[in-house]
Amino acid sequence: METKPALTSKGVWGGLLALVISAAPTYGPPILGLFGVKDPEAQAAIVQAVVGIGGSIAGLLAIWGRGTAKTALR
């Protein structure tokens, strides 16, 4: 059975995106501070939006990857 490289899998990209998004609450405020966003409430709102939208995209990407897979789950 021939397998494709892991990084061509939509499910893997969904997981990697979810991993990056999970770091947003920790690293988001310092990064936003570098871009001039100093208000803690604005930082929290931006981080919350990024986590919500990014998490949804990651989940949909992983579901799409499983739905279009050509091999059965083992």
Side-chain angles (χ1 to χ4, degrees):
M1 181 170 106
E2 186 177 330
T3 60
K4 62 182 179 179
L7 289 181
T8 62
S9 170
K10 294 174 205 74
V12 169
W13 282 106
L16 289 173
L17 181 59
L19 182 64
V20 169
I21 292 300
S22 69
T26 302
Y27 298 108
I31 292 171
L32 289 170
L34 293 174
F35 288 103
V37 181
K38 302 294 184 194
D39 180 26
E41 289 181 17
Q43 289 179 349
I46 293 169
V47 168
Q48 185 177 4
V50 166
V51 169
I53 294 168
S56 297
I57 292 171
L60 290 171
L61 187 59
I63 291 168
W64 178 41
R66 183 61 245 162
T68 59
K70 294 179 179 40
T71 58
L73 291 174
R74 296 181 227 173

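Numbers here simply count residues along the sequence, with the first being 1.
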**Path from Leu60 to Trp64 over hydrophobic side-chain contacts below 4.5 Å** =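 They do not share one cluster, since no chain of ILVMFWY contacts under 4.5 Å joins Leu60 to Trp64.
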List, one per line, each side-chain donor-acceptor pair under 3.5 Å for residues 14-38, sequence neighbours excluded.
unit_1 : atom_1 : unit_2 : atom_2 : d
Ser22  : OG     : Leu19  : O      : 2.6
Lys38  : NZ     : Gly33  : O      : 3.0

**Request:** Hey, could you give me the CD1/CD distance between Ile46 and Glu41, rounded to the nearest 0.5 Å?
**Result:**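 Here the interatomic distance stands at 12.0 Å.
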